[in-house]
Amino acid sequence: MGRMSDQPARWSQANVYPDMWADPDDDPRNSEGVSPEGELATLQDYLTNYRITLRMKCEGLDAEQLARRSVPPSTMSLLGLLRHLAEVERDWRNWISDGEPLPKLYGERDADFNGAVGEQAVVDAAYSDLAREQAATDAALAEHPDLGERLGKDGFAVRELLVHRIEEYARHCGQADLLRECIDGRVGQ
């Protein structure tokens with residue numbers, strides 16, 4: 001007789017390729033056209049796809065599931081990741097500014113994760129904050145299309161900031177994969 005487990009069964013929504021998150025025809029990250037032209041467009045495309053991936057990993061979950069923490073003593077949750085990335089987007093604008101730093105969205109260290117509670121208002125605010133901060137950082141960087149241009153007090157190159165943004169989203173998408181699998185067993189690329 002098999003052992004009972006409180007762990008969800010592994011599953012994927014894809015039918016054609018069961019190791020994928022979604023079938024290729026349903027995947028919003030797939031484009032049938034020509035790949036982006038040039039370094040800037042390529043970097044922006046990768047960033048966009050990682051942003052979409054993070055949202056996909058959060059789709060279909062309620063507030064409690066999004067706020068569910070990984071394993072003690074970690075405070076990491078999908079909702080915490082959404083809030084963290086909103087905070088990070090805001091902080092990246094501080095890197096390229098010569099002015100006073102923007103205030104933290106959620107408060108002191110780890111408040112983005114600690115305040116990620118299973119309430120729909122917190123979830124709605126997190127999505128809104130993330131969209132707003134992404135748009136603001138994108139707009140700030142759009143003023144500087146030269147990837148070699150150095151910005152801010154510390155002289156960060158635009159290229160460095162774009163690559164760092166991709167790295168940050170990619171790392172957190174990996175964590176989101178594991179968090180989502182623990183919540184409902186859904187797996188895939």
Side-chain angles (χ1 to χ4, degrees), residues 28-29 43-144 147 149-183:
R29 299 166 297 182
L43 292 171
Q44 290 169 333
D45 188 57
Y46 271 85
L47 178 61
T48 297
N49 284 332
Y50 279 120
R51 286 174 169 175
I52 293 169
T53 299
L54 181 68
R55 289 185 75 90
M56 290 171 72
K57 297 297 177 172
C58 296
E59 285 176 353
L61 299 176
D62 63 29
E64 183 279 323
Q65 290 171 312
L66 286 167
R68 193 175 299 166
R69 295 185 174 181
S70 58
V71 293
S74 176
T75 58
M76 187 175 294
S77 66
L78 289 169
L79 179 56
L81 288 176
L82 294 172
R83 290 166 49 100
H84 171 71
L85 286 163
E87 192 78 78
V88 170
E89 288 280 357
R90 175 173 278 220
D91 193 45
W92 282 325
R93 289 198 311 284
N94 289 332
W95 291 16
I96 62 175
S97 170
D98 291 322
E100 289 298 311
L102 296 166
K104 295 281 190 189
L105 282 174
Y106 304 111
E108 294 305 311
R109 182 176 168 88
D110 294 333
D112 41 2
F113 287 101
N114 290 328
V117 296
E119 299 170 9
Q120 192 58 48
V122 175
V123 171
D124 294 343
Y127 278 115
S128 176
D129 291 345
L130 182 58
R132 181 189 65 245
E133 296 303 322
Q134 287 172 336
T137 304
D138 290 347
L141 285 173
E143 296 176 17
H144 306 280
L147 293 174
E149 182 181 356
R150 297 206 168 265
L151 305 172
K153 297 171 190 166
D154 295 321
F156 286 101
V158 173
R159 178 183 291 103
E160 182 180 1
L161 182 56
L162 283 169
V163 170
H164 184 75
R165 291 170 83 197
I166 293 166
E167 178 273 332
E168 184 88 10
Y169 278 90
R171 181 166 33 94
H172 291 314
C173 282
Q175 294 163 332
D177 284 338
L178 297 173
L179 288 164
R180 180 63 186 250
E181 186 175 1
C182 286
I183 292 168

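Quantities reported herein were computed from a predicted structural model and do not represent experimental measurements. We're numbering straight along the sequence, starting at 1.
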* To do: Look up atom NE2 in H172 and atom CZ in R51, then write down how far apart they are to the nearest 0.5 Å.
  => 13.5 Å
* Asked: Should we say atom OH of Y46 is surrounded by more than 12 heavy atoms from elsewhere, each under 6.0 Å from it?
  -> no
* From L161 CG over to E149 CD, what is the distance, rounded to the nearest 0.5 angstrom? -> 11.5 Å
* Asked: Name the one of V122, V117, V123 that satisfies side chain to side chain contact (heavy atoms under 4.5 Å, CB included) with L66?
  -> V123
* **Salt bridge flag under 4.0 Å for residues R171 and E167** => yes
* Does E64 pair with R68 as a salt bridge, N-O distance under 4.0 Å? -> yes
* Would you call I183 and L78 a side-chain contact if the rule is heavy atoms closer than 4.5 Å? -> yes
* To do: Kindly give the heavy-atom pair with the smallest separation between L81 and F113, and that separation in Å.
  => N-CE2, 3.6 Å
* For the residue pair H164 and W92, categorise the inter-ring angle as parallel (less than 30°), tilted (30 to 60°) or perpendicular (more than 60°). => perpendicular
* To do: Please report the shortest heavy-atom distance between T75 and N114, naming the atom on each side.
  => CG2-OD1, 3.2 Å
* Asked: At what distance, to the nearest 0.5 angstrom, does CD of Q44 lie from CG of L162?
  -> 6.5 Å
* To do: Salt-bridge test for R165 and E89: reply yes if a basic N is under 4.0 Å from a carboxylate O, no otherwise.
  => yes
* Would D177 and K57 pass as an ion pair if we require N to O under 4.0 Å? -> yes
